[in-house]
Amino acid sequence: MTDLAAVKRALTAQRIETPSWAYANSGTRFKVFTQPGVPRNPEEKIADAATVHRFTGVAPTVALHIPWDKVADYAALTSYARDLGVEIGAINTNVFQDDDYKLGSVTNPDAGIRRKATDHLLEAIEIMGQTGSRDLKLWFSDGINYPGQDDLRSRQDRLAAALREAYDRLTGDQRILLEYKLFEPAFYATDVPDWGTSYAHCIELGERATVCIDTGHHAPGTNIEFIVAFLLRQGRLGAFDFNSRFYADDDLMVGAADPFQLFRIMYEIVRADALDPAYGIAFMLDQCHNIERKIPAIIRSVMNVQEATAKALLVDRDALSRAQASGDVLEANAVFMDAYNTDVRPLLAEVRADAGLDPDPIAAYKRSGYDEKIIAERVGGTQAGWGA
């Protein structure tokens with residue numbers, strides 16, 4: 001039998017990081033659809049993130065993207081965030097939006113461009129020291145479009161050298177989260193295309209280098225929960241970038257396309273007792289809300305993760321283990337599906353009420369007047385960077 005008190009404690013302790021760029025204007029390659037009331041600066045992005053935390057109670061950190069969120073005084077920005085009840089989370093680098101990086105950043109054939117890109121990684125680590133951030137999140141768009149365009153092995157050597165320099169600069173509890181992506185904008189070969197490549201570089205670097213899984217960065221049909229289970233077993237799963245996709249890297253709201261997949265992923269987390277923040281996995285959102293209102297979409301995304309987590313916590317693991325051990329295929333699947341098919345919204349409403357929150361965060365946000373306030377006050381919001 002499932003211990004409901006333990007389930008509630010786990011849900012209360014859950015933490016989900018939101019991304020600064022999700023609050024700003026964003027779009028596709030074809031069009032950025034601007035919205036009224038979006039942030040004009042990093043402070044307003046943080047204010048919106050703090051609003052999400054105020055209504056959900058489980059989103060106490062906000063990730064920054066440099067240079068999109070570059071400021072003159074990061075200590076002041078950190079203090080501002082704390083005054084609003086949130087902390088600065090992961091620092092994300094940008095080595096993909098400069099003309100110099102057309103042929104790659106840290107893997108570029110030009111040593112001067114490689115130096116420029118690596119220096120940006122080191123700059124991000126300096127910012128981490130000023131904000132108290134633990135995580136340096138790295139995603140490289142580096143790759144090639146044509147056979148023979150560059151030497152594949154040499155590019156891996158260049159990547160390893162840049163990662164080593166950044167890794168050796170880490171201090172305290174700082175760590176690297178190395179993300180991967182199957183394709184785009186490189187189509188013939190991407191330098192960090194999959195979890196195995198990321199994992200191999202992390203092993204080479206040391207224990208403070210871990211893999212970040214972006215749920216939208218895989219080939220169709222990829223069993224992401226297998227990757228989760230493997231990396232958990234190896235102690236190398238550092239973070240998630242949660243989003244949803246129908247075709248490729250859609251960056252839609254997490255759980256929108258395949259909520260069952262999200263449940264399966266979260267079950268592997270629960271199965272490994274890795275949900276507790278002390279375990280060290282950073283559960284982040286990485287989404288672009290191009291046509292829907294930003295803050296309600298992020299609140300809904302947080303709720304989607306909570307619902308998948310609640311269902312994963314409700315799996316009767318003793319019954320599942322018995323069915324698995326006896327080879328009862330149908331019973332094992334039935335135990336799994338019973339949990340998935342449970343309506344956990346009343347349970348989560350209780351958890352929120354017990355924490356002094358409104359049981360319905362979306363409705364509470366709509367009543368708060370915050371949306372009307374920012375629309376009235378903010379004119380000329382910034383663009384996230386995506387779709388520029």
Side-chain angles (χ1 to χ4, degrees), residues 17 63-66 89-96 101 104-109 111 113-143 150-182 186 189-214 217-218 224 227-241 272 274 278-284 286:
E17 185 162 302
L64 299 186
H65 210 299
I66 307 300
I91 302 299
N92 292 254
T93 57
N94 185 321
V95 286
F96 50 86
Y101 300 146
S105 62
V106 298
T107 65
N108 197 293
I113 294 175
R114 295 200 302 274
R115 183 68 261 160
K116 173 182 174 178
T118 304
D119 283 345
H120 175 63
L121 308 189
L122 302 181
E123 174 195 14
I125 295 171
E126 291 297 316
I127 294 170
M128 291 168 66
Q130 298 174 56
T131 59
S133 300
R134 177 189 63 178
D135 296 330
L136 173 68
K137 187 144 72 67
L138 304 178
W139 173 68
F140 299 101
S141 66
D142 296 32
D150 198 3
D151 186 75
L152 293 172
R153 181 167 175 172
S154 295
R155 293 180 74 89
Q156 288 297 308
D157 291 339
R158 299 168 197 156
L159 172 64
L163 290 173
R164 171 55 61 189
E165 187 170 348
Y167 185 87
D168 288 346
R169 188 67 65 89
L170 300 176
T171 60
D173 66 347
Q174 293 175 346
R175 62 182 187 166
I176 283 176
L177 307 175
L178 183 56
E179 193 175 349
Y180 57 90
K181 187 175 182 181
L182 179 64
T190 304
D191 291 326
V192 191
D194 51 42
W195 68 272
T197 306
S198 175
Y199 173 70
H201 279 286
C202 288
I203 291 294
E204 184 176 325
L205 288 170
E207 62 182 12
R208 288 192 292 163
T210 58
V211 179
C212 174
I213 296 176
D214 186 308
H217 284 187
H218 304 85
I224 298 175
I227 301 170
V228 172
F230 182 92
L231 292 174
L232 283 168
R233 183 173 182 271
Q234 300 299 318
R236 290 289 175 159
L237 177 56
F240 284 96
D241 272 2
Y279 190 92
I281 297 176
F283 299 95
M284 309 178 189
D286 182 13

- Message: With a 4.5 Å cut-off on side-chain heavy atoms, are L231 and I213 touching?
- Response: yes
- Task: Measure the shortest side-chain to side-chain distance between D286 and N92 over non-hydrogen atoms and say whether it is less than 4.5 angstrom.
- Result: no
The criterion is side-chain hydrogen bond (donor to acceptor under 3.5 Å, both in side chains); which residues satisfy it with [X], sequence neighbours excluded?
{"X": "D241", "result": "K137"}
{"X": "S198", "result": "none"}
{"X": "T131", "result": "S133"}
{"X": "D157", "result": "none"}

- Would you mind listing every ring pair (Phe, Tyr, Trp, His ring centres under 6.0 Å) that reaches into residues 158-182, with sequence neighbours excluded? Y180-H218
- Task: Dump the intermediate steps for side-chain contact (heavy atoms from CB on, under 4.5 Å) on T107 and F140, then the final yes or no.
- Result: CA-CA 9 Å; T107 65; F140 299 101; over 6 Å; no
- Stepwise side-chain contact (heavy atoms from CB on, under 4.5 Å) test for R164 and L205: CA-CA 6 Å; R164 171 55 61 189; L205 288 170; 4.0 Å; yes
- Query: Judged by atom type as modelled, is there a donor-acceptor pair below 3.5 Å linking the side chain of Q174 to the main-chain atoms of T171?
  - Reply: yes
- Determine yes or no for a side-chain-to-main-chain donor-acceptor pair under 3.5 angstrom, with R114 supplying the side chain and R158 the backbone. no
Rounded to the nearest 0.5 Å, how far does [atom2] of [Y] lie from [atom1] of [X]?
{"X": "I227", "Y": "L232", "atom1": "CD1", "atom2": "CG", "value": "12.0 Å"}
{"X": "I125", "Y": "L170", "atom1": "CD1", "atom2": "CG", "value": "5.0 Å"}
{"X": "M128", "Y": "R169", "atom1": "CE", "atom2": "CZ", "value": "12.5 Å"}

Does [X] have any side chain to side chain contact (heavy atoms under 4.5 Å, CB included) partners at least two apart in sequence or in another chain, and if so, which?
{"X": "A229", "result": "E268"}
{"X": "A162", "result": "V106, T118"}
{"X": "A124", "result": "I91, T93, L136"}

- Message: Y199: which residues meet the ring pair (Phe, Tyr, Trp, His ring centres under 6.0 Å) condition with it, sequence neighbours left out?
- Response: F230
- Task: Not counting sequence neighbours, which residues clear ring pair (Phe, Tyr, Trp, His ring centres under 6.0 Å) with H120? List them please.
- Result: none
- Using the salt bridge (charged side-chain N to carboxylate O under 4.0 Å, His left out) rule, collect all pairs that involve residues 199-214, keeping only residues at least two apart or in two chains. none
- Looking only at non-hydrogen atoms, find the nearest pair between A239 and M284 and report the distance. CB-CE, 4.1 Å
- What heavy-atom pair brings G104 and N108 nearest, and what distance separates the two atoms? O-ND2, 2.7 Å
- Query: Of all residues at least two apart in sequence or in a different chain, which pass the salt bridge (charged side-chain N to carboxylate O under 4.0 Å, His left out) check with R155?
  - Reply: D150, D191
- Item | Aromatic plane relationship, H217 with W139 - under 30° parallel, 30 to 60° tilted, over 60° perpendicular | tilted
- Message: Heavy-atom count check: over 12 atoms from other residues, nucleotides or ligands less than 6.0 Å from R115 CZ?
- Response: yes
